[in-house]
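Following this message is one structure expressed as structure tokens.
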Amino acid sequence: MEKIKMSTPLVEMDGDEMTRILWQMIKEELLLPYIDLNTEYYDLGLENRNATDDQVTVDSAHATLKYGVAVKCATITPNGARMQEYRLKEMWKSPNGTIRAILDGTVFRAPILVKGIVPYVKNWTKPITIARHAYGDVYKNTEIRVPGPGKAELVFTGADGTEVRETIHDFDGAGILQGIHNTEKSISSFARACFGYAVDTRQDLWFSTKDTISKKYDHTFKDIFQEIYDKEFRHKFEELGIEYFYTLIDDAVARVIRSEGGFIWACKNYDGDVMSDMVATAYGDLSMMTSVLVSPNGVYEYEAAHGTVQRHYYKYLKGEETSTNGIATIFAWTGALRKRGELDGNSGLQAFADKLERACIQTVEDGKMTKSLSLISSCENPVILNSLDFIRAIRATLEGLL
């Protein structure tokens, strides 16, 4: 077949460790034989981030704003051990956090459903997409260890010098304090991204906080969501026959467990962090979870929900065989290619993305899979393949579909 042409580049963000190895396998086996791949490449591997003082991460995010669509490999967020291992100049921030801040984006994560991998919650027959706010709260906190008796106050000093002061607690002994914040601008962006994604995917949107207890902080989230829905999105939801639904976080958890799935669940930052892992595990595995960062002005950055698979990478460096599931990384590419095709009016690119995803699912359903998938599959006699052979098996299935 003639290779599919691309008129506009994707922003390609390479990454670290085993996922970097899979990245190249996927390109060589599943993309380059069929697509005249047009990307603007950025190396977000930790060595290059260190060499460029992390400027490469900033540059890749601004390129994403320019072109509208990016695909990202998993990357290392360094800790103390990584500082020594890679001899870093400093402990660079999370690339995902840097990119989210520049794109002003919201992360949407959803499971990839395959017959034979049954969710632990048996009634979940449709995917649940977690929309996680990616700014503020405990991730931008300020903390104090209180050494002994004293008065703790929350103080805001306005630009004009006016002061608002509230007593937090009168300590009679040692304790701890934490200050968190958010901004109306960020919450509004979060809301617009959620409503826009619901319209784009034609799914109901649920949103949950604890506004009965947090009558100013969480209630502000609730109020901003409702105001933006009423002013900007209600008519679109009604035209599509989809619903916006608000409830308390504890009620939402109960409803989600009893549901069949098939909706977007929007959560504040920490709630989304916890619930996305819960949903991913309940559906089967993080290696079968998609992740897309969406900005309110319609910029998309696709990646896998999992990390760099460090343990497999160390085995790979020793020359040992690995059986690493690349499906989530493949779906990052297909999501980006489909969106690029949609924005450019390139139906061939969209159709190819659909067929490659179908090939991944069909290959697993035919009993060919990696070791981690075999552990959660109900397939009686799975054929366990190594990392590259699994990708080649997907290619064989894809050839049949093409």
Side-chain angles (χ1 to χ4, degrees), residues 65 68-69 100 103-111 124-137 182-272 275-276 279 290-302 335 338-339 342-343 345:
L65 289 173
V69 185
R100 286 170 195 163
L103 300 189
D104 194 21
T106 294
V107 179
F108 296 86
R109 289 187 168 178
W124 284 1
T125 57
K126 300 175 183 178
I128 296 170
T129 301
I130 296 288
R132 176 187 170 188
H133 189 207
Y135 176 80
D137 301 347
N182 227 294
T183 68
E184 290 195 2
K185 179 184 176 184
S186 179
I187 299 166
S188 297
S189 293
F190 173 43
R192 289 190 176 93
C194 290
F195 289 126
Y197 196 74
V199 168
D200 195 28
T201 58
R202 289 170 168 74
Q203 294 184 86
D204 291 345
L205 174 66
W206 297 14
F207 178 48
S208 57
T209 71
K210 192 66 173 177
D211 66 285
T212 51
I213 301 300
S214 178
K215 298 181 186 297
K216 293 181 180 177
Y217 197 100
D218 280 25
H219 214 297
T220 298
F221 276 82
K222 177 185 177 183
D223 290 344
I224 288 174
F225 261 73
Q226 191 64 51
E227 181 181 353
I228 289 174
Y229 175 70
D230 290 337
K231 288 183 177 179
E232 301 176 28
F233 288 95
R234 180 182 289 276
H235 66 287
K236 296 177 184 177
F237 272 59
E238 291 174 351
E239 284 174 6
L240 293 172
I242 57 177
E243 179 187 16
Y244 168 57
F245 174 73
Y246 173 82
T247 189
L248 295 171
I249 183 69
D250 40 347
D251 179 54
V253 170
R255 288 173 179 265
V256 166
I257 292 297
R258 291 195 299 265
S259 78
E260 64 175 6
F263 54 86
I264 301 164
W265 181 13
C267 296
K268 288 170 56 197
N269 207 343
Y270 179 75
D271 293 341
M275 296 307 170
S276 63
V279 167
T290 64
S291 183
V292 55
L293 179 68
V294 182
S295 77
N297 58 344
V299 173
Y300 295 77
E301 181 250 302
Y302 294 83
R338 184 185 297 105
K339 180 55 67 174
E342 178 187 316
L343 295 176

Legend entry - Any donor-acceptor pair under 3.5 Å from Arg109 side chain to Thr290 backbone: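 Judged by distance alone, no pair lies under 3.5 Å.
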Legend entry - Nearest-0.5 Å distance that lies between atom CZ in Phe190 and atom CZ in Phe225: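 Result: 4.0 Å between the selected atoms.
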Inset, instruction - With rounding to the nearest 0.5 Å, note down the distance linking CG in Leu343 to CZ in Arg338. - result: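 Here the interatomic distance stands at 12.5 Å.
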Legend entry - Side chain Asp218, main chain Lys210, donor-acceptor under 3.5 Å: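 Flag set: sc Asp218 to bb Lys210 pair under 3.5 Å.
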Legend entry - Heavy-atom check, side chain of Tyr135 versus side chain of Thr183, under 4.5 Å: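 Heavy-atom side-chain distance check passes, below 4.5 Å.
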Inset, instruction - Output, in order, the C-alpha distance, side-chain angles, deciding distance and verdict of side chain to side chain donor-acceptor pair (under 3.5 Å) for Trp206 and Thr247. - result: CA-CA 8 Å; Trp206 297 14; Thr247 189; over 6 Å; no
Legend entry - Phe207 versus Ala266, closest heavy-atom pair with distance: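 Smallest interatomic distance, heavy atoms only, reads CD1-O, 3.2 Å.
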Inset, instruction - For the residue pair His133 and Asn182, establish whether any side-chain heavy-atom pair is separated by less than 4.5 Å. - result: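 In contact.
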Inset, instruction - Grab the two heavy atoms, one from Cys267 and one from Gly272, that are nearest each other, plus how far apart they are. - result: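 Minimum heavy-atom separation between Cys267 and Gly272: CB-N, 3.4 Å.
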Legend entry - Closest non-hydrogen atom pair between Ile128 and Gly261, with its separation: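 Minimum heavy-atom separation between Ile128 and Gly261: CG1-CA, 3.6 Å.
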Legend entry - Non-hydrogen side-chain atoms of Tyr217 and Thr209 separated by less than 4.5 Å: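 No, every pair of side-chain atoms sits at 4.5 Å or beyond.
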Please tabulate, one pair per line, all N/O donor-acceptor pairs under 3.5 Å involving side-chain atoms of residues 292-302, not counting sequence neighbours.
residue	atom	partner	partner atom	Å
Ser295	OG	Asn297	OD1	2.3
Ser295	OG	Val299	N	3.0
Tyr300	OH	Asp200	OD2	3.3

Inset, instruction - Might you point out which heavy atoms bring Ala131 and Phe108 nearest each other, and give the distance in Å? - result: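 Heavy atoms of Ala131 and Phe108 come nearest at CB-CE2, 3.4 Å.
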Legend entry - Heavy-atom side-chain proximity of Arg192 to Thr106 below 4.5 angstrom: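 A side-chain contact is absent here, since even the closest heavy-atom pair is not under 4.5 Å.
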Inset, instruction - Answer with yes or no after comparing the ring centroid distance for Phe237 and Tyr229 against a 6.0 Å cut-off, counting only values under it. - result: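 Yes - the distance between ring centres of Phe237 and Tyr229 falls below the 6.0 Å cut-off.
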Inset, instruction - Could you tell me whether Lys236 and Glu239 have a side-chain N and a carboxylate O separated by less than 4.0 Å? - result: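 Salt bridge: no.
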Inset, instruction - Mind checking the CD-NZ spacing from Gln203 to Lys126? Nearest 0.5 Å is all I need. - result: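 It comes to 10.0 Å.
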Legend entry - Heavy-atom closest contact (Ile264 atom, Ala198 atom, distance):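 The pair with the smallest heavy-atom distance is CD1-CA, 3.6 Å.
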Legend entry - Under the side chain to side chain donor-acceptor pair (under 3.5 Å) test, residues paired with Thr220 that sit two or more places apart: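 Side chain to side chain donor-acceptor pair (under 3.5 Å) check on Thr220 returns nothing, list empty.
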Legend entry - Tyr244 side chain reached by Gln226 side chain, heavy atoms, under 4.5 Å: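 SC-SC contact between Gln226 and Tyr244 confirmed.
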Legend entry - Nearest-0.5 Å distance, OG of residue Ser186 to CD1 of residue Ile224: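 Here the interatomic distance stands at 9.5 Å.
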Legend entry - Distance in Å, Trp265 CH2 paired with Thr129 OG1, rounded so as to fall on 0.5 Å steps: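 Those atoms lie 12.5 Å apart.
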Legend entry - From Glu260 atom CD to Thr125 atom OG1, the distance as rounded to the nearest 0.5 Å: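 Taking CD in Glu260 and OG1 in Thr125, the distance rounds to 4.5 Å.
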Inset, instruction - Flag yes if more than 12 heavy atoms outside Glu238 fall under 6.0 Å of its CD atom; otherwise flag no. - result: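 Atom CD in Glu238 is packed in, count exceeds 12.
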Legend entry - Heavy-atom side-chain proximity of Met275 to Val253 below 4.5 angstrom: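 Heavy-atom side-chain distance check passes, below 4.5 Å.
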Inset, instruction - Would you indicate whether the side-chain heavy atoms of Phe245 and Leu205 approach each other to under 4.5 Å? - result: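 In short, these two side chains do not touch, never coming nearer than 4.5 Å.
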Legend entry - Any side-chain heavy-atom pair of Glu227 and Ser188 under 4.5 Å: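 Not in contact.
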